Amino acid sequence: MATNEVIKVLKERGFFSQCTDEAGLMEKLKSPTRFYAGFDPTGPSLHCGHLVPVFAMAHMQKAGHLPVVLVGGGTARIGDPSGKTEMRQMLTIDQIKSNVEEFKKQLSNFIDFEQGGAMIVDNADWLAPLNYIEFLRDIGRHFSVNRMLTFEAYKKRMETGLSFIEFNYQLLQSYDFLELNRKHDCALQIGGDDQWGNIVSGMELIRRVERKESYGLTFNLVARSDGKKMGKTEKGAVFLNKEMTSVYDLFQYWRNVDDADVGKFLKLFTFLPIEECDRLGALEGAEINAAKEILAYEFTKIIHGKEEADRAREAAKAAFTAGGSADKSGMPSKEYTFDQLSEGINIVDLFTETELCSSKSESRRLVTQNGAAVNDEKINDPNTVINSSYITEDKDIILKAGKKRFFRIIVI
RNA sequence: GGGGAGGUUCCCGAGCGGUCAAAGGGGGCAGACUGUAAAUCUGUUACUUCGGUUUCGAAGGUUCGAAUCCUUCUCUCCCCA
């Protein structure tokens, strides 16, 4: 594959949104090119919503280009106003540091840092020591407030209020691009569509200061067809860290995407061949469930490895297929001693203890509304006591909340 | 610095002395229908040892009784300088 064919791949897979100079970039990408995308470590883990640029980077690397992952240890201390309606809360420096470490670890699932050329950098390294006066004089002079105010990102914030510190975010991101261009000859910045303004202004800065051409490429902001943000559930983001989102839950998140999104997501969030993604996405009726399972499996495999993905898939099968002998070990679980169960535990307490419900009121409500089941039998009396008589042949008890949430009690 | 408007339960947003754990909508959860889909309909949505207990920016105060009145503080937005 020619190294510039990646553009075609990105287009076909649904990444490509805008490019500052497509013909020029095609030419540039004929030879291995260093490019970067930035991630602000404002949380303790990456989540599914971060992943479009990450997958794009992986495709780029496969095509022979040299990825630079920029972790915004410096910019995280400010907050990007684009697309946000509220100012970001400030993080402590220690928090940011530990977030940066976690990001590095997670990104190495996608990007091979062993290979020459790929690298990860932290912009705190050059932003933190900046001198205000010098920065204003050398960098700030190239920015026009009038022009900045024409950017969509700022226009929106003019309504709700924009602090000066956030207004400066664009300068810092532009400076990042300049810095990477100078130090590593990085000629391309990629990112979500909301980054367009920031990317363009970085290019302009490079042109003014270095008299060099650089490129920008943005990706579609992926929304689910129900309009919700990608990778978010009502309970919060779906994280890649398995302490925060269990492997099983991650699997289930993708297993439950909307029909209309399956083909699109396969292309964006797996590395399966395009034709395969299209074929799977076109399945109709109940058949599309097979495609969803593949999506969930492939995705989980990338993040947590084959073994964990297998377990999650088996656990889901065990939960949703009646009477199966599938392996239940991937299901969320907790151990109870035989003695504890002999004494008996009230069903409301049990559902709360297992975190299927977050409070007893909620648990009671669930039971009363006929949403709770033990070993597939509905129980709607909140006074029911679960004791050893419920233990199955497999030495476990399967709790079910609603139709989709399962929990396994393992008897020891 | 001066003047004005405002901070209500997950979100938006009513309430402006008791009938308020607080209308309505959104979202969520559950039930029916299904394909572990969507759409739709129904119920539900602070916590609880089910006696009660904490909620309406924060702290005080008035009152038998406050989200609602008063004082101070705090934050946000708008106008003037």
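In the text below, chain A, chain B and the rest are named by the order of the sequence lines, each starting its count at 1. Being a predicted model, the structure only gives us computed values, none of them experimental.
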Pairwise P distance for C16(B) and C10(B), with rounding to whole Å: 23 Å
Does any non-hydrogen side-chain atom of Leu188(A) lie less than 4.5 Å from one of Leu25(A)? yes
Looking only at atom C1', what distance separates U44(B) and C64(B), rounded to whole Å? 36 Å
Pick the closest RNA chain B nucleotide for Glu284(A) and for Ser358(A) by heavy atoms, then say which residue is nearer the 5' end. Glu284(A)
After noting the C-alpha distance and the side-chain angles of Phe15(A) and Phe55(A), does the key distance pass the ring-ring contact (aromatic ring centres under 6.0 Å, His included) rule? CA-CA 9 Å; Phe15(A) 287 89; Phe55(A) 273 92; 7.3 Å; no
Rounded to the nearest angstrom, tell me the gap between atom CG in Asn289(A) and atom P in A38(B). 11 Å
Base, sugar-phosphate or nothing for Ala372(A)? Non-hydrogen atoms, less than 4.0 Å. nothing
Conformer about C1'-N of G24(B) - syn within 90° of 0, anti elsewhere: anti
Contact under 4.0 Å: Arg365(A) side-chain N or O vs C47(B) OP1/OP2: yes
Once you apply a heavy-atom cut-off of 4.0 Å, does Asn370(A) come out as touching a base, just sugar-phosphate, or nothing? sugar-phosphate
Taking OP1 and OP2 of U36(B), is either one under 4.0 Å from a side-chain nitrogen or oxygen of Arg405(A)? no
Quickly, which of Tyr36(A), Trp126(A), Tyr215(A) forms a ring-ring contact (aromatic ring centres under 6.0 Å, His included) with Phe177(A)? Name it, please. Tyr36(A)
Is the distance from the ring center of Phe407(A) to that of Phe351(A) below 6.0 Å? no
Paired with C47(B): which nucleotide, if any, by Watson-Crick or G-U wobble criteria at under 3.5 Å for both distances? G52(B)
Starting from C1' on U36(B), measure out to CG on Asp249(A) and report it in whole angstrom. 13 Å
So, under a plain 3.5 Å distance rule, would you say the side chain of Gln369(A) forms a donor-acceptor pair with the base of G43(B)? yes
Nearest whole angstrom, please: distance from the P of G35(B) to the CG of Asp261(A). 21 Å
For Glu362(A) and A46(B), give me the distance from atom CD to atom P, rounded to whole Å. 11 Å
Does the side chain of Lys404(A) get closer than 4.0 angstrom to OP1 or OP2 of A37(B) through an N or O atom? yes
Looking at every strand, decide which applies to Arg255(A) at a 4.0 Å heavy-atom threshold: base, sugar-phosphate, or nothing. base
In whole Å, I'd like the distance from the CZ atom of Phe320(A) to the C1' atom of A37(B). 13 Å
For U40(B), the nucleotide meeting Watson-Crick or G-U wobble distances (both under 3.5 Å) is A32(B)
Identify whether any heavy atom of Lys403(A) sits under 4.0 Å from a base atom; if not, whether one sits that close to sugar-phosphate; answer base, sugar-phosphate or nothing. base
Which value, in whole Å, describes the distance between the C1' atoms of nucleotides U53(B) and G60(B)? 23 Å
Pick the P atom in G18(B) and in A22(B), then give their distance to the nearest Å. 15 Å
Strand partner of G18(B), provided both Watson-Crick or wobble distances fall under 3.5 Å: C64(B)
Could you walk me through whether His304(A) and Phe251(A) pass the ring-ring contact (aromatic ring centres under 6.0 Å, His included) test, one step at a time? CA-CA 10 Å; His304(A) 296 302; Phe251(A) 182 94; over 10 Å; no
Using 0.5 Å steps for rounding, measure from the CD atom of Glu5(A) to the NZ atom of Lys11(A). 12.5 Å
Rounded to whole Å, CD1 of Ile379(A) lies from P of A30(B) at a distance of 17 Å
Leu366(A) CG to C29(B) C1', in whole Å, measures 8 Å
What is the nucleic acid contact for Gly402(A), judged by heavy atoms within less than 4.0 Å: base, sugar-phosphate only, or nothing? sugar-phosphate
Taking atom P in both G28(B) and C78(B), compute the distance separating them and give it to the nearest angstrom. 32 Å
Taking Thr75(A) as the fixed residue, which of Asn168(A), Asp176(A), Asn123(A) is the one that meets the side-chain hydrogen bond (donor to acceptor under 3.5 Å, both in side chains) rule? Asn123(A)
Sorted by position of nearest nucleotide on RNA chain B, 5' first, the leading residue of Lys378(A) and Ser361(A) is Lys378(A)
Touch check for Ser359(A), heavy atoms < 4.0 angstrom, all strands: base, sugar-phosphate only, or nothing? sugar-phosphate
Suppose you measure atom C1' in C80(B) against the same atom in C12(B); what distance do you get, rounded to whole Å? 31 Å
Could you state the atom-to-atom distance from CZ of Arg364(A) to C1' of U45(B) in whole Å? 16 Å
Could you tell me how the ring of Phe265(A) sits relative to the ring of Phe269(A): parallel (under 30°), tilted (30 to 60°) or perpendicular (over 60°)? perpendicular
Taking the same atom, P, in G17(B) and in C70(B), what whole-Å distance lies between them? 11 Å
For U76(B), which nucleotide is its Watson-Crick or G-U wobble mate, given both distances must be under 3.5 Å? A5(B)
Using the P atom as the reference point in each nucleotide, state the distance between C73(B) and A67(B) in Å, no decimals. 23 Å
Under 3.5 Å, is there any donor-acceptor pair linking the side chain of Gln252(A) to the base of U36(B)? yes
